[in-house]
Amino acid sequence: MPAIRRTLALSALAVRRTVGRLRASPQRLVLSVLGVALAVGLMVAVTGISLGLASESVVSSDETDYWIVPEESNVQSVVVSTGGVQLSEVHDTSARIAADERVDYSLPVLLELLPVRDAATGDRTYLLAVGVVAHPDAEILGLSTEGLTPVDPHYANGSYDGPWTGEAVLNDAAAQTINASTGTTLESGRSSANQSLAVANVASVDSATAMGQVPVALVHLSELQAITGAERGDEADQILVSTDDPTVKQRLQGIYPRTTVVERNGLAAQQVSTSNLPLAVAVSAVVTAVVVGVLFVTTLMGLEVTADREHLGTLTAIGVSRRSQSIVVAVETVTVAVVGGVGGLLVGLVGILGINAAGREFLGLDSIATFDPLLVGYALTIALVIGLVGAVYPVVLSRRTDALEAVL
């Protein structure tokens, strides 16, 4: 207990000395705080971006605010369906969701790799077939659904005996891949004679769209279900929900068991080909923050210790041991780093707000970076690490200074 009380007393002395320096000669301490604040602020902002990337695991409409996907879905299985877990009774479910006055529209989407023969060479290739219920305001993977007949004629209230349109809207990449143009019949080994598809339109996709170079065919959901056998359970991979009301999310979470509701944080994550990138970004931010923060603290606090030789000599003269002086110097350094960490947290929050504002203004993205309350503890922990690592050199220097004063 006496050792703990002594350590607390020395820590209080260190804090008072730090406050006194801020009043008398604040230049080096202020620079140390600013250095840590900038390093931690950069880390918080970049980590916010990595959280935004990691939270976005679905590729879909630019106007869509939420996606309902199975819990087992990941980036790869959602972008290109591989026979994983799917949602059932999607037509009726989407209609119930759309009946909510808070919802603009709700669209089920089925993603399948469809083998198609090249119109010129006869070689077989694959298109990413996207089955969707057409809506005039919806855009899927950069392709507007306006090129399809409204609603989903073949579904016919679940009987699947309605008119077969055979409509397919291709993007430029698909048209070039299979040498197709408007009117070209898409010969697929999966479709029967009365289930043929034909190109209704070839649409250009904005080069900024992540899926612009992937051959995509937009078709009616019920027709793709009939071709692939997914009509038996009225299945789809996800449901897209467009709304301006965030309270809708709670209702969506109860629509299906074992599903996840993903918020749209912008299209930035569509450009991520591996889920390891957000982690790599976050780790790089931490390393950079620690290195920059330690360099600032070590250099400037070392200069502060050198300028404080007289006071350290006084502590020695009144019987304060070298170990106690080391504790004082270490606590001073950690105090400066933690204060810088608090400032860095505020800088990072402002940075996240600025990044999101810039994304909305120049890229049309709702949110690029995400601020999670856990970032508060994260930032302060990194600031503490910076202080502890950065305290090593000032402590060593204080011992040398103390020895030098003793010799003189």
Side-chain angles (χ1 to χ4, degrees), residues 59-62 78-83 90-91 107-156 160-231 235-238 240 270:
V59 177
S60 53
S61 168
D62 191 16
V78 171
V79 175
V80 180
S81 178
T82 55
V90 291
H91 280 90
L107 304 179
V109 175
L110 175 64
L111 301 163
E112 288 284 350
L113 284 177
L114 193 65
V116 177
R117 294 197 177 278
D118 189 305
T121 65
D123 296 334
R124 188 174 69 171
T125 188
Y126 286 87
L127 301 181
L128 176 58
V130 182
V132 64
V133 176
H135 188 282
D137 298 327
E139 188 176 276
I140 311 295
L141 300 179
L143 291 174
S144 172
T145 62
E146 287 184 324
L148 302 176
T149 299
V151 195
D152 195 2
H154 185 63
Y155 176 66
Y160 288 90
D161 60 1
W164 183 276
T165 69
E167 297 168 336
V169 176
L170 305 185
N171 64 354
D172 291 329
Q176 294 172 7
T177 299
I178 62 173
N179 294 298
S181 59
T182 302
T184 300
T185 299
L186 303 181
E187 297 183 13
S188 171
R190 292 191 181 184
S191 57
S192 61
N194 61 346
Q195 293 179 334
S196 62
L197 298 174
V199 180
N201 186 31
V202 176
S204 297
V205 178
D206 189 341
S207 60
T209 301
M211 301 294 288
Q213 299 305 312
V214 175
V216 175
L218 200 63
V219 299
H220 287 286
L221 173 61
S222 61
E223 295 179 3
L224 184 60
Q225 288 176 327
I227 291 174
T228 60
E231 82 280 8
E235 298 171 347
D237 295 288
Q238 56 186 282
L240 317 182
Q270 295 180 12

Tell me, please, which residues at least two apart from Thr177 pass side chain to side chain contact (heavy atoms under 4.5 Å, CB included). Thr125, Pro215
Side chain Trp164, main chain Ser196, donor-acceptor under 3.5 Å: yes
Under the criterion side-chain hydrogen bond (donor to acceptor under 3.5 Å, both in side chains), which of Gln225, His154, Glu167 is the partner of His220? Glu167
Closest approach of Leu170 and Ala174, non-hydrogen atoms and distance? CB-CB, 4.0 Å
Nearest heavy-atom neighbours spanning Ser144 and Glu139: N-CG, 4.0 Å
Any side-chain to backbone donor/acceptor pair from Asp237 onto Leu111? Under 3.5 Å, distance only. yes
Residue pair Leu114 / Ile227: nearest heavy atoms and the distance that separates them: CD1-CG2, 4.1 Å
Kindly say whether Gly166 contributes a backbone atom to a donor-acceptor pair with the side chain of Glu223 at under 3.5 angstrom? yes
If the condition is side chain to side chain contact (heavy atoms under 4.5 Å, CB included), which residues does Val219 pass it with, not counting sequence neighbours? Ala168, Leu197, Leu224
Is Val130 close to Leu128 at the side-chain level, that is, under 4.5 Å between some pair of heavy atoms? yes
I'd like to know if the side chain of Asp152 and the backbone of Ser222 have a donor-acceptor N/O pair within less than 3.5 Å. yes
Ignoring hydrogens, what is the shortest heavy-atom contact between Val199 and Ser181? Give both atom names and the distance. CB-O, 3.3 Å
Mutual orientation of the aromatic rings belonging to His91 and Tyr155 [parallel < 30°, tilted 30-60°, perpendicular > 60°]: parallel
Looking at every heavy atom in both Val116 and Ile178, which two are closest together, and how far apart are they? CG1-CD1, 4.1 Å
What one should report as the nearest heavy-atom pair of Ala198 and Gly183 is CB-O, 4.5 Å
Partner of Leu148 under side-chain contact (heavy atoms from CB on, under 4.5 Å), chosen from Val133, Leu143, Val132, Thr165: Val132
